[in-house]
Amino acid sequence: MNIIKKKAWQISENEVTPKELFEKRRNFLKLGAASIVSSGAIMELLAKEDLPKITLDFIKDKNPDNLKLNTFEQITSHNNFYEFTTKQSGVKDIAHTLKTDNWTVTIDGLVENPMEVNLDDLVKMFTIEERIYRFRCVEGWSMVVPWNGFSLASLIKKVKPLSSAKYVRFETLVDPDIFPDQKRGRFGVIDYPYIEGLRIDEAMNDLSFLATGLYGDVMPKQNGAPIRLVVPWKYGFKSIKSIVKISFVDKEPLNTWQKENSREYGFFANVNPNVDHPRWSQKKERVLGSFFKQDTLMFNGYEKEVASLYTGMDLRKYI
Ligand code: MTE
């Protein structure tokens, strides 16, 4: 049983109606431990339909900034997932090879409670929330996504890092039978596994999120099924997909894009309109589906929540 302490951005009551839920009936069958709201009446209705009795909560985001959501179609048709292809419009057509059944996540390193856990069991440990976040790719495009999942902080509290753990390192699946670019071995576009990392205080920030779905359904494969990181104040490459390993370490992990090109990509990758990428300006962005560009916001609009993490740091140096 999870006790939920509500935040400013959460509504006071669950607002998914039986109708919406009924319409999601098909998805329900597929959902497993993913995110859907329950209520007595709805569960009764579902019981009659012989559906699994899922009792997970899905706390809707209040969307205080009134962000306009991108459509499901937009979010799932323009993807960066190099393991499949560098063609952003092509990931959706080939991502079906990703098999997410019996997905295991290993949590190891400097923690009191390491675990190797089936994803369904892992998800059951947490309260499922919706987080409507801005998402800004370093390439200059952006979107607004209603993610479902749980806070990274809630997982960290469960595994209890030792005081020597200073960073969290994340790793994507390696399986050349699934990912065509991994099959190319050393001729692949980048080195695998894809690696990302956060400083432990960044990881503990309430915005850091492990997403298992979007738009109330399981995570589409092209978006990083079955579980991915979402760090909304950082460029999108920090938001590593299809995670199989989370390690607590004492040294700053060498993340994939820093390893590929440290002149252009660093460890922090905080969204910053005042620091240009060596090859293009970061002042503006194009929201998927929009014709005109809009101003990029400092820390992608999350300055209030995260600026204090970087007090005293030269953000021109720590890119
Ligand atoms: N994770 C893995 N494993 N492989 C990748 O190629 N691309 C990153 C990030 N996570 C990537 C990844 C980049 S560059 C971006 S912008 C986002 O995923 C894109 O997420 P989306 O496809 O859901 O929009």
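Both ligands and their constituent atoms are indexed starting at 1 by order of listing. Heavy-atom basis, side chains included; hydrogens, waters and symmetry copies ignored.
- Atom 1 (N) of ligand 1 has K241 N, 3.1 Å as its closest protein atom, hydrogens excluded (heavy atom only).
- Residues D314 and R316 are not paired through a salt bridge, judged by the lack of any N-O separation under 4.0 Å between the basic side chain and the carboxylate.
- Scanning the protein heavy atoms around atom 10 (N) of ligand 1, the nearest turns out to be S239 O, 2.9 Å.
- Every atom of ligand 1 with a heavy atom of M143 under 4.0 Å away is listed here by number and element: 24 (O).
- Here N80 has heavy atoms under 4.0 Å from ligand 1 in both its backbone and its side chain.
- For ligand 1 and N223, the ligand atoms under 4.0 Å from any heavy atom of the residue are 21 (P), 23 (O).
- With salt bridges taken as basic N to acidic carboxylate O contacts below 4.0 Å, none links D295 and K283.
- Proximity to Y82 (heavy-atom distance under 4.0 Å) selects the following atoms of ligand 1: 5 (C), 6 (O).
- Note: Y235 and F135 fail the aromatic proximity criterion, with ring centroids not under 6.0 Å apart.
- Under 4.0 Å is where a charged nitrogen must lie from a carboxylate oxygen, and between R131 and D206 at least one such pair does.
- Contacts between F170 and ligand 1 below 4.0 angstrom, taking non-hydrogen atoms only, are absent altogether.
- Contact between W141 and ligand 1 is present, with at least one heavy atom of the residue lying under 4.0 Å from the ligand.
- Every atom of ligand 1 with a heavy atom of T172 under 4.0 Å away is listed here by number and element: 3 (N).
- A side-chain donor-acceptor contact under 3.5 Å links Y310 and E202.
- Those atoms of ligand 1 with a heavy atom of E83 less than 4.0 angstrom away are 2 (C), 3 (N), 4 (N), 5 (C), 6 (O).
- Heavy atoms of F135 found under 4.0 angstrom from ligand 1 belong exclusively to the side chain.
- For atom 17 (C) of ligand 1, the nearest non-hydrogen atom from the set G236, G224, P193 comes from G236.
- Geometric assessment of K238 against the ring of F267 yields a positive cation-pi assignment under the 6.0 Å and 45° thresholds.
- I178 has its side chain out of reach of E83: every pair of non-hydrogen atoms, C-beta onward, lies at least 4.5 Å apart.
- Taking the six-membered ring for Trp, Y302 and F299 have ring centres at least 6.0 Å apart.
- Between Y265, F237, Y194, it is Y194 that holds the heavy atom closest to atom 5 (C) of ligand 1.
- Listed by number with element, the atoms of ligand 1 under 4.0 Å from a non-hydrogen atom of C137 are 16 (S).
- No part of E139 comes within 4.0 Å of ligand 1, judged by heavy-atom distances.
- Listed by atom number, the atoms of ligand 1 under 4.0 Å from N79 heavy atoms are 21 (P), 22 (O), 23 (O).
- Residues F209 and F150 place their aromatic rings such that the two centres sit no closer than 6.0 Å.
- Relative to the ring axis of F126, K158 places its NZ or CZ within 45° and under 6.0 Å from the centre.
- Proximity to R228 (heavy-atom distance under 4.0 Å) selects the following atoms of ligand 1: 17 (C), 18 (O), 20 (O), 21 (P), 23 (O).
- A salt bridge links K183 and D177; the closest N-O separation between the charged side-chain nitrogens and carboxylate oxygens is under 4.0 Å.
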